[in-house]
Structures are given as structure tokens and as C-alpha cells.
Colleague: 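Here it is, the structure in full.
Order of the sequence lines sets the chain letters (A, B, ...), proteins ahead of strands, with each chain counted from 1.
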Amino acid sequence: MSEARRRCSNYRAITVSDDDAPTTTGNAANAAELDDATGDGLLASGLAAEKANRLAKIDALRSAGANPYPYRFDRSHTLVELRALHGGLEAGTETDFEVAVAGRVMLMRDSGKLVFATMRDRDGEVQLFVSKAVVGDAAFEAVKDLDLGDWVGVHGTMMTTRKGELSVKVQRCELLSKAVRPMPDKWHGLTDTDTRFRQRYADLIVNEEARRAFRIRHEIIASIRRTLHGRGYVEVETPVLHVEAGGAHARPFVTHHNALDMQLYLRIALELHLKRLIVGGMERVFEIGRIFRNEGISTRHNPEFTMMELYQAFADYSEMIEITETLITQAAIDATGTSLVTVYGPDAQVDVDLAQPWRRARMIDLVAEATGVEVHPSQPVEQLRALAADHGVQPAPQWGSGKIIEELFEATAESSLLAPTFVTGHPVEISPLARQDRHDPFLTERFELFVGARELANGYSELNDPVEQRARFEDEQAAKEAGDAERGTVDEDYLRALEYGLPPTGGLGIGIDRVAMLLAGVHSIKEVILFPTLRPEQS
RNA sequence: GCCCCUCUAGCUCAAUGGUAGAGCAGCGGACUUUUAAUCCGUUGGUUCAGGGUUCGAGCCCCUGGGGGGGCACCA
């Protein structure tokens, strides 16, 4: 990873958080004049001087009738395309192949009457070979006047240098956008996490790893869409503003609609609306969307994050397990070219081939394995309370047997689940929307996928009996009224939908950010969220 | 909410309680095959903020702020 960084992040970008004087073009001209007046650079330097310098260049360009911010540039090739076409050229080759390319000036090497510059566009790089004899004196001076970070468009021919570096022999160079701020260090990039996350633009300019992580994220989402479209799923969009924040146990963000004068919640899950669509007969639906949970921020949690949920009529949880494996394994192949991943757990790592079958184990069996004691939600709560106490879990008075088993699982077994593991058979008490296990009425046909001791996905055979669903909701509401803020309420409209008939249905939710973390090999969710939630910057 | 760490030039980093430095960037100069170009010269600081201790604080103490990590929380 550090090698990758050394190899790829060697560009200076900028990052300035100080509120340096917002200089206008006119002021820049004044500053430049002042500079001239005082002779040799006695004026203050640093960021303010650098900006004044560059703004003065903009003034000079405009005075000469040039536009430092032209409207468009028509390029003939991207830099990746150039390399594909000409990457095989022998050292010291000149061609008459004409190109027009555009990108940002990342590096410049001035050796007298030649200037070498490194230009980068979205996915590639190329060297610009600028000869004074070719472009003429005035244009050559204009190139020398470019600053690192400027956007340029170039017309020229393809060549390689004596050392074999693929280059565009520049005939004409056009400034496409003048950068007024200097880029961060060309070799070290940005390391300050605060700056990296606040000024993601600067991070993306200089840190190849950051660009790579977001590329992977994109490929994952594209892959999931492809797989689901191929299986006949319809992509839908359901409301973000909810009257009731249901479908999960979490504290919601609260907002207010002025015209309706009503309190609304940002959604904490997609589930209940999507299942209404199955009632409506859509059979296979999915949504990839942002959800919001008003809880802590950590390396694994951001208040807003991205969930993919799908529902499929006539399926049950075993089919959901199969599709979970397929979606994630295919995403790995599409995003990284391999199903091999290194899974980083809290204090260990393991190499895994996602293409191999994933372990499945019931939650109660994992607890038994970890504690040496058989557990089951049918047991009296007192027994389980004692066991919990033995393992450092302090049960709240309102917890039933099922909740205690889940807490025991989290305390004793969860941290060991590095390789992909489907934990199944969650107690009914903690699964108000899941259907009872067909063989054990105390358990549900539910699974959660753990990788690296982190929950990545959750799915079940959906509860479709409206009478039982009402009873489950009422239990939720009772718990909420007893003081558990994260519990749910009775969603009458959802119950009405169930009364119209929800077919047998399997459902699945996948935490996209966590899958992106896994496949990008990063340890913080902030590395896969372009603009993570931060406190506002101080003025 | 609690605990620990951290904040120095535009960026990356130094600096026993004793004159705040370097590399890169910038500025001036040399160079027609460089590639983190090289070479010569050079500008640039409210050391996060505010208090305190001290003859003297970037450094020690207190308060506050940003960020990171951990805990709690997060089905």
C-alpha cells in the first residue's frame, strides 16, 4: 500500500485552509505592480503572494487579449487511448500522428530551450515535449509561465524521447483553466486526514490511492446493477422523507415540512416501501440509496451511508444467501479483477477467495461454540442472564432471551468471524420483520453476512402474515414506549399492504460502503465516502 | 458522552525549556532529451486559539477548537 502511494502519488496538489485574502483580479494587478515597484521580490511571499502572482498572470493574459478560462476544447484522444495506440513506440521515434489532448499540468522540467511537462487526465498521463524552436519564442514563454495545476489543451504529434518516454511533441498549447492555488506536495501528496476529507478535490488531485478507492466503489455499484438487471430486477426509488422511520432499529434524523407543518424522518432503511411494491406485484425490485442513522461516527459508521436492498417474490432466505454470494463475488471480480481479497479484522487479517463457498452457522450454535453452553431463545431468561453476566454482558431488564442471545453472540463470537460467514437463525425477538423458521418457531429464517467481523449484509424470508406482523409491531411499540428509542412503531399502512397479500418473498440488504471498504482494502469508511460527515471548518 | 494521540511555511516534515529549520512548491539565474530533472542564488512563520508557569515556552500546565484512534453507541 505504501509502495502504491510512493509510486503514484508523486504530485503536488494544493491544500490551503487558511482564509487567505480573497484577492480580486484588480488587486492582483496592484500586487504585481507593487512587486515590480519594489524591485526584487521584497514583497511578502507564501500563499497570498503566490495567489497574487497567478492572478497577475491572468490579468496579463487578458490584457494581451487571451482568455485564461476558455469555453471548450475538443480533444482527439484520452491519455489512456494515446498510450494504447502508441505505448509500443521505440525510443527516439517521431511520428506525424496528430493529437489534441487535455489535462492538468502535474510536473514541469525546464531545461533551457526545452520544457518537459507531465499532463494527467482522468485515467492517464503523458509527457509534453515543448521545444522553443518548434513553438516559437512567445509560445515558449507562455508555456514556461504555466503553473503546476493549470489545465491545458495541447495540439501536437506523438513521439518518444531518447529514453523512450511517450510524449506529445507540442505544436500549440492552450491554457484551459488557470489554477490560482498551488497544489500539495508533488511527491508526498496530502497526508493530513482532516485536509484530505475536507478538501477531497485536493486529495483526488494528488493521491492515486484515493482515486482508486472511488473507482472501485463505482465498479461495485455498476456490477451490482448489472447482475440484478440480468436477473430481471426493476430499480426503483422510494421516499427519503418518512412519516415513520421503520425497517430497522436506529435513531433517525428528524426534520420538518413547513407547508404540511409536520415532522418527518430521514429514512433509516429501504425495506418497508420496497415490500409494498412486491404487494403491488412488481415481483423483483431493488434500490440503491442513501439512508441516515443518527448515531456515532467511527471507522465503520458514517451518519449517511449507502444501502442496496432487494426483494424477490416467491423466494426465501436461502435464495437470498445465494444472491449475496454472487453479487459480492462478481463485484470483486468486476472492481478488482479477482475474487481474492485480504480481509482485515480488528486485530488479524486473512486472505480469502470469495469464489469458494462461504461458511454458514446458526447464531445459537456460534454462541454455544464460543461459550461451551447450549443456548436457545426458548430457555428461561434467567438462565441466559446468568450466562451473559459470565461473559461481561449486562442485560437490560427488558431484554428477553432472544436479545440476550444476540448480545452474547456479539460479545463472544462476532469478532472471530473474519472469513465470510452467514450467521443464521436470529431469534424472533430481534427480527420483527422476518419470518419464523419453518422448523423452529423461536428462530427466524434470517441471516447476516459477516466479513472481517463486520456486518455487510442482512436478509430473510419476509414475514407476510398481516396478523403476526401486527403482533410483532405491537411488541416493538411496547418496547419503544418502555424507553428503547430505537424500537419501532405500528405502521398501519404497511399492515394494510400486507392485508392485500404479500407473496412469499425473500429480502436482502447490503451495506455498499462496507463492501467498498472490503474490496478497496481500506480501514475507514471515510476512505470510500467522497465527502464524509465532518464538523464545520472553523473560520 | 469518556479516554488516548495529534495540530510548526502552500505541502511533507525537523527543532534538550535558550536566535523556529530543511526538502518540495514559489521567486531570480544556467541548461535542447528531462522524468521526484539537475546546478547556483533567494523570499516565505500569529508554531490551532486563549490563558498560566518561567529570566526565557513550538516544547511544561490549564481551558477551548479541529482531526485521528479506542470505548460507549451502532439489531
Colleague: Side chain of Arg198(A) only, heavy atoms from C-beta on: which candidate in rU32(B), rA36(B), rG67(B) is closest?
Modeller: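 Per side-chain heavy atoms of Arg198(A), the pick is rG67(B).
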
Colleague: Does Ser167(A) have a side-chain nitrogen or oxygen under 4.0 Å from the phosphate oxygens OP1 or OP2 of rU33(B)?
Modeller: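 No, no such contact exists.
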
Colleague: For nucleotides rC2(B) and rA75(B), find the distance between their P atoms and express it as a whole number of Å.
Modeller: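 My reading of the P atoms in rC2(B) and rA75(B) gives 23 Å.
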
Colleague: Run the ring-centre check on Phe447(A) versus Tyr460(A) and record whether the distance is less than 6.0 Å.
Modeller: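 No, too far apart.
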
Colleague: Let's see if you can work this out: which of rG70(B), rG68(B), rA75(B) has an atom nearest to the side-chain heavy atoms of Glu448(A)?
Modeller: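 The answer is rA75(B), which lies nearest to the side chain.
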
Colleague: Choose from rU33(B), rA75(B), rC31(B) the nucleotide whose nearest atom is closest to any side-chain atom of Asp110(A).
Modeller: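 Within the option list, the nearest is rC31(B).
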
Colleague: Without decimals, in angstroms, what is the distance between Phe116(A) CZ and rA36(B) C1'?
Modeller: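 Checked: the CZ to C1' distance equals 15 Å.
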
Colleague: Taking the same atom, P, in rU43(B) and in rG66(B), what whole-Å distance lies between them?
Modeller: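 Pairwise P distance, rU43(B) against rG66(B), rounds to 38 Å.
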
Colleague: Check this for me: Arg435(A), atom CZ, are more than 12 non-hydrogen atoms of other residues, nucleotides or ligands nearer than 6.0 Å?
Modeller: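 Open.
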
Colleague: Any ion pair linking Arg211(A) and Glu208(A) (charged N to carboxylate O, less than 4.0 Å)?
Modeller: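 Salt bridge present between Glu208(A) and Arg211(A).
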
Colleague: At 4.0 Å (heavy atoms only), tell me whether Thr193(A) reaches a base, stays on the sugar-phosphate, or touches nothing.
Modeller: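 Here Thr193(A) touches the backbone only, sparing every base.
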
Colleague: Could you please name the option among rA75(B), rG23(B), rG68(B) that lies closest to any side-chain atom of Asp185(A)?
Modeller: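 Closest nucleotide among those given: rG23(B).
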
Colleague: Pairs counted as Watson-Crick or G-U wobble with both distances under 3.5 Å: what dot-bracket string results for RNA chain B, using | for bases tied to another strand?
Modeller: (((((((..((((....[..)))).(((((.......))))).....(((((..]....))))))))))))....

Colleague: Roughly how far apart, to the nearest Å, are rA20(B) and rG58(B) at atom P?
Modeller: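 The answer is 8 Å between these two P atoms.
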
Colleague: Assess whether a salt bridge exists between Glu476(A) and Arg472(A), defined as any Lys/Arg side-chain N lying under 4.0 Å from an Asp/Glu carboxylate O.
Modeller: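 No, no charged N to carboxylate O under 4.0 Å.
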
Colleague: Using the C1' atoms only, state how far rA36(B) lies from rA25(B), rounded to an integer number of Å.
Modeller: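 It comes out at 12 Å once rounded to the nearest Å.
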
Colleague: Rounded to whole Å, how long is the line connecting atom OH of Tyr201(A) with atom P of rC11(B)?
Modeller: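 Whole-Å distance recorded here is 12 Å.
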
Colleague: Would you find a donor on one side and an acceptor on the other, under 3.5 Å apart, between the side chain of His376(A) and the backbone of Ser378(A)?
Modeller: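 At least one qualifying donor-acceptor pair exists.
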
Colleague: Between rU32(B), rU34(B), rC27(B), which one does the side chain of Lys57(A) approach most closely?
Modeller: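 The answer is rC27(B).
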
Colleague: Quick one: label Gly164(A) by what it contacts on the DNA or RNA (base, sugar-phosphate, nothing), any heavy atom closer than 4.0 Å.
Modeller: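 Here Gly164(A) touches no strand at all.
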
Colleague: Gln127(A) near the nucleic acid: base, sugar-phosphate alone, or nothing, with a heavy-atom cut-off under 4.0 Å?
Modeller: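 Answer is base: heavy atoms of Gln127(A) come under 4.0 Å of a base.
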
Colleague: Apply the test ring pair (Phe, Tyr, Trp, His ring centres under 6.0 Å) to residues Phe253(A) and Tyr265(A): give CA-CA distance (whole Å), side-chain angles for both, the deciding distance (0.1 Å), then the verdict.
Modeller: CA-CA 6 Å; Phe253(A) 286 91; Tyr265(A) 301 93; over 10 Å; no

Colleague: The side chain of Lys163(A) is closest to which nucleotide in this list: rC27(B), rU34(B), rA75(B)?
Modeller: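 Among the listed nucleotides, the one closest to the side chain of Lys163(A) is rU34(B).
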
Colleague: So, Glu406(A) and His426(A): side-chain donor and acceptor under 3.5 Å apart, yes or no?
Modeller: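 Side-chain D/A pair, Glu406(A) to His426(A): absent.
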
Colleague: Is Arg535(A) near enough to rG65(B) that one of its side-chain N or O atoms lies under 4.0 angstrom from OP1 or OP2?
Modeller: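 Negative; the distance criterion is not met.
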
Colleague: Could you tell me whether Asp192(A) contacts a base, only the sugar-phosphate backbone, or nothing, with contacts defined as non-hydrogen atoms closer than 4.0 Å?
Modeller: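 Sugar-phosphate, backbone atoms only, no base.
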
Colleague: Quick one: closest heavy-atom pair of Phe197(A) and Leu534(A), and the distance?
Modeller: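 Of all heavy-atom pairs spanning Phe197(A) and Leu534(A), the closest is CB-CD1, 3.9 Å.
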
Colleague: Touch check for Lys169(A), heavy atoms < 4.0 angstrom, all strands: base, sugar-phosphate only, or nothing?
Modeller: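 The residue Lys169(A) makes no contact with any strand.
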
Colleague: What nucleotide among rC27(B), rA75(B), rU12(B) has an atom nearest to a side-chain atom of Asn53(A)?
Modeller: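 Shortest atom-to-atom distance from the side chain points to rC27(B).
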
Colleague: Check every atom of rG67(B), rG10(B), rG26(B) against the side chain of Glu50(A) and return the nucleotide holding the closest atom.
Modeller: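 Selected nucleotide: rG26(B).
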
Colleague: Between rU33(B), rA75(B), rG10(B), which nucleotide gets closest to the side-chain atoms of Thr161(A)?
Modeller: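 Closest nucleotide to the Thr161(A) side chain: rU33(B).
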
Colleague: Once the angle between the rings of His273(A) and His242(A) is folded into 0 to 90°, is it parallel (under 30°), tilted (30 to 60°) or perpendicular (over 60°)?
Modeller: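 His273(A) and His242(A): tilted rings.
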
Colleague: Check every atom of rC27(B), rC11(B), rA75(B) against the side chain of Ala248(A) and return the nucleotide holding the closest atom.
Modeller: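 Taking heavy atoms from C-beta onward, the closest nucleotide is rA75(B).
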
Colleague: Quick one: side chain to side chain donor-acceptor pair (under 3.5 Å) pairs with a partner in residues 132-144 of chain A, sequence neighbours left out?
Modeller: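 Applying side chain to side chain donor-acceptor pair (under 3.5 Å) to every pair that reaches into residues 132-144 of chain A, excluding sequence neighbours, yields Asp110(A)-Lys144(A).
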
Colleague: Is the phosphate of rA75(B) approached by Arg487(A) (side-chain N or O, under 4.0 Å from OP1 or OP2)?
Modeller: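 Arg487(A) to rA75(B) OP1/OP2: no side-chain N or O under 4.0 Å.
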
Colleague: Answer yes or no: does a side-chain N or O of Thr299(A) lie under 4.0 Å from OP1 or OP2 of rG70(B)?
Modeller: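 Yes, within the criterion.
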
Colleague: With rounding to the closest Å, how many angstrom separate the C1' atoms on rC40(B) and rU47(B)?
Modeller: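 rC40(B) and rU47(B) have their C1' atoms separated by 31 Å.
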
Colleague: For nucleotides rU16(B) and rG52(B), find the distance between their P atoms and express it as a whole number of Å.
Modeller: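 26 Å, rounded to whole Å.
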
Colleague: Would you mind telling me which residue lines up with the more 5' stretch of RNA chain B, Arg109(A) or Gly112(A), judged by nearest nucleotide?
Modeller: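 Nearest-nucleotide comparison on RNA chain B picks Gly112(A).
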
Colleague: Rounded to whole angstrom, note down the P distance from rG29(B) over to rC11(B).
Modeller: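 Approximately 27 Å lies between the P atom of rG29(B) and that of rC11(B).
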
Colleague: Just to be sure I understand the rule, does Glu410(A) reach a base, reach only the sugar-phosphate, or reach nothing, if contact means heavy atoms closer than 4.0 Å?
Modeller: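 Glu410(A): backbone/sugar contact only, no base atoms under 4.0 Å.
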
Colleague: If we take the P atom in both rA57(B) and rC3(B), what is their distance in whole Å?
Modeller: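 Here rA57(B) and rC3(B) have their P atoms 30 Å from each other.
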
Colleague: When the nearest nucleotide of RNA chain B is assigned to Arg300(A) and to Lys526(A) on a heavy-atom basis, which residue is associated with the more 5' position?
Modeller: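 The 5'-side residue here is Lys526(A).
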
